[in-house]
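Every chain is numbered from 1 and lettered A, B, ... according to where its sequence line falls, protein lines coming before strand lines.
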Amino acid sequence: MDAFYASVALRERPDLLDQPVVVGGRGRGVVLAANYVARRYGVHSALPMSRVRRLCPRVVVLEPDYATFITVSASVMETFREVTPVVEVLSLDEAFLDVRGSTRRLGSPVEIAERVRSTIHDEQGITCSVGVARTISVAKVASRRAKPDGVIVVPPSEVTSFLHPLDVGDLYGVGEKTRALLHRSGLRTVKDVAHTPLDALQRQVGVHLGRHLHDLAWGTDRDELNASTGTREPERSMGADETFGRDTDDREVIVRELLRLSARVAGRMRAAGVVGRTITLKVRFSDFTTIARARTVPEATDVTVEIHRTATRLFDALGLRHQRLRLVGVRVERLVPRCTVHRQLALGEPDPGWTEADRAVDRATRRFGSAAVRPASLVVGRP
DNA sequence: TCTGGGGTCCTAGGACCC
DNA sequence: TCTGGGGTCCTAGGACCC
């Protein structure tokens, strides 16, 4: 989708179509999506909101409405699945489709692309762009260059002439750091990378990345999709983090925030039916340096208080003294389906323990909303 | 009052085991 | 002429994606 969040938000506000519009958070947030009018001012996603107002004082800021984004996304994915069952979902607004088995029924890839685009336009009132190619990274680069509201087809015979003039930073998977590293080595275009001997490239950037860059530069990367037809791949980790409204060194505030985050993560884990053993605490200081500390516990868990206890211990083990924090986060890794582990009963553990309490909270939350039941320390205005 | 929040994958080093 | 060698698990950090 083109400028997905902004396009969806603007469906409700057609009066703003000619105005620079961004969807973004308040306070210390960043731009989640900018419409193409705003982009003319140099506004783009991930830009701090404070800079957006300086670049474009008359910008209109809309709040994200995730419930609607998710609904629109589901409809869009449904449209994709009418084309082919082989769909690899990348994010809410983007997917790879393997249309090799659909051409008899629906026509050439370009015809399929235009059909999908017009369906989404008619049904959802937003535009999207499509790249057509034999491998995912070439398709991805093509779709970026097709934006907004376009289609680019790169036939196999034209892959190198399409890719080679591009900057290495245009490759899918090459970000700011890798681009700078390659530029420092004199490799500026995709062609430069393609014509560097593989072993020389691997000495520069490591074996794996070197191999990967070479494949990207010749357009010979992956061409089979990870499309579990229908069901999604289970998540490998789940986490939550939050930037404070202002930096803090107050242990009580921090530990309380860790509880909020632990409850959020554990609730999502229980809803997904997964448990995990490795709990990671993330801390970002005022100067933006960020560290993470992890601990693997003997028993996989989805229990709020257990995750919170581990996170708090990890925090205390940092031994911070009056260092102000900008952000804290909690993540649980190495997730496995809950049904694959059986919980070891500890001696002395009460039978209806925290697990049962969490289940009860989940039931209350489902019926009455997330504000219904909370740890007492998270109740605003408590005595 | 610069710099969100959700993820994935890779690397590197140390502990530990056979 | 001394410190094998391979594998797994764990932790920390970093790059990248949307």
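Checking dT3(B), dT8(B), dC18(C) against the side-chain heavy atoms of Ser237(A) singles out dT8(B) as nearest. Distance from the side chain of Arg277(A) is smallest to dC10(C) among dT3(B), dC10(C), dT8(B). Comparing dT3(B), dA12(C), dT8(B) by their closest approach to the side chain of Arg293(A) singles out dA12(C). Ranking dG4(B), dC2(B), dT11(C) by closeness to the Arg295(A) side chain, first place goes to dT11(C). The side chain of Phe288(A) lies closest to dG4(B), out of dG4(B), dC2(B), dC10(B). When each of dG4(B), dT11(C), dC2(B) is scored by its nearest atom to the side-chain atoms of Pro48(A), the top-ranked nucleotide is dC2(B). Looking at the side chain of Ile291(A), the nearest of the listed nucleotides dG13(C), dT8(B), dG4(B) is dG13(C).
Contact between the side-chain N/O atoms of Arg264(A) and the OP1/OP2 oxygens of dG6(B) is found at a separation under 4.0 Å. Phosphate proximity of dT1(B) to Arg246(A): absent, as no side-chain N or O sits under 4.0 Å from OP1 or OP2. Here Thr243(A) does not reach the OP1 or OP2 of dT3(B): none of its side-chain N or O atoms lies under 4.0 Å away. Remark: Arg284(A) is in phosphate contact with dG4(B), judged by side-chain N or O atoms under 4.0 Å from OP1 or OP2. Close to dC9(B), at under 4.0 Å from its OP1 or OP2, lies a side-chain N or O of Arg236(A).
At a threshold of 4.0 angstrom between heavy atoms, the contacts of Gly175(A) are confined to the sugar-phosphate backbone, with no base atom among them. Backbone-only contact: Gly239(A) has heavy atoms under 4.0 Å from sugar-phosphate atoms and none from a base. Looking at heavy-atom distances under 4.0 Å, Val174(A) makes contact with sugar-phosphate atoms alone, never a base. Backbone-only engagement by Lys140(A) is indicated by non-hydrogen atom pairs under 4.0 Å involving sugar-phosphate atoms exclusively. Arg53(A) comes within 4.0 angstrom of no nucleic acid atom, judged by non-hydrogen atoms across all strands. Nucleic acid contact class of Arg334(A) (heavy atoms, under 4.0 Å, all strands): sugar-phosphate only. Heavy atoms of Phe4(A) sit nowhere under 4.0 angstrom from any nucleic acid atom. Among the heavy atoms of the strands, none lies under 4.0 Å from Thr280(A). Residue contacts for Ala240(A): at a heavy-atom cut-off of 4.0 Å it reaches the sugar-phosphate backbone alone, with no base atom in range.
Comparing the P positions of dG4(C) and dA15(B) gives an interatomic distance of 15 Å, to the nearest angstrom.
Comparing Ser45(A) and His208(A) by the nucleotide of DNA chain B whose heavy atom lies nearest to each, the residue mapping closer to the 5' end is Ser45(A).
Between the side chain of Arg39(A) and the backbone N or O of Ala34(A) there is at least one donor-acceptor pair closer than 3.5 Å. The main-chain N or O of Glu224(A) is never found under 3.5 Å from a side-chain atom of Asp98(A) such that the two would form a donor-acceptor pair. In this structure, the side chain of His308(A) engages the main chain of Val255(A) through a donor-acceptor pair within 3.5 Å.
Rounded to an integer number of Å, the gap from Leu209(A) CG to dA12(B) P is 11 Å. Spacing between atom CD1 of Ile279(A) and atom P of dT11(C) amounts to 10 Å, rounded to whole angstrom units. Atom pair His212(A):NE2 and dC10(B):C1' shows a separation of 11 Å (rounding to whole Å applied). We find that CG of Asp247(A) is positioned 9 Å from P of dT3(B), with the value rounded to whole Å. The interatomic distance linking Leu327(A) (CG) with dG5(B) (P) rounds to 6 Å, in whole Å. Atom CZ of Arg54(A) and atom C1' of dT1(B) are 9 Å apart (whole Å). The OH atom of Tyr5(A) sits 12 Å away from the P atom of dC18(C) (whole-angstrom rounding). When rounded to the nearest whole Å, the span between CE of Met49(A) and P of dG4(B) equals 12 Å.
A donor atom on one side chain and an acceptor atom on the other are not found under 3.5 Å apart for Asp362(A) and Thr365(A). Between the side chains of Arg331(A) and Ser237(A), a donor-acceptor pair is found at a separation under 3.5 Å. No hydrogens or angles considered: a donor-acceptor pair under 3.5 Å links the side chains of Glu111(A) and Ser108(A). Side-chain N/O atoms of Ser377(A) and Arg256(A) include no donor and acceptor closer than 3.5 Å. In this model, no donor atom of one side chain and acceptor atom of the other lie less than 3.5 Å apart for Ser143(A) and Ser129(A).
Checked for salt-bridge contact, Glu257(A) and Lys282(A) miss the test: no charged N lies under 4.0 Å from a carboxylate O. Under 4.0 Å is where a charged nitrogen must lie from a carboxylate oxygen, and between Arg117(A) and Asp2(A) no such pair does.
Helical stems involving DNA chain B, defined as 3 or more consecutive Watson-Crick or G-U pairs under 3.5 Å, span B:5-18 with C:5-18.
Heavy-atom minimum distance, Ala311(A) versus Val330(A): CB-CG2, 4.2 Å.
Under the 6.0 Å distance and 45° angle rule, Arg40(A) does not count as a cation-pi partner of Tyr36(A).
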Taking N or O atoms only and anything under 3.5 Å, show me the protein contacts with nucleotides 14-17 of chain B, one pair per line.
none

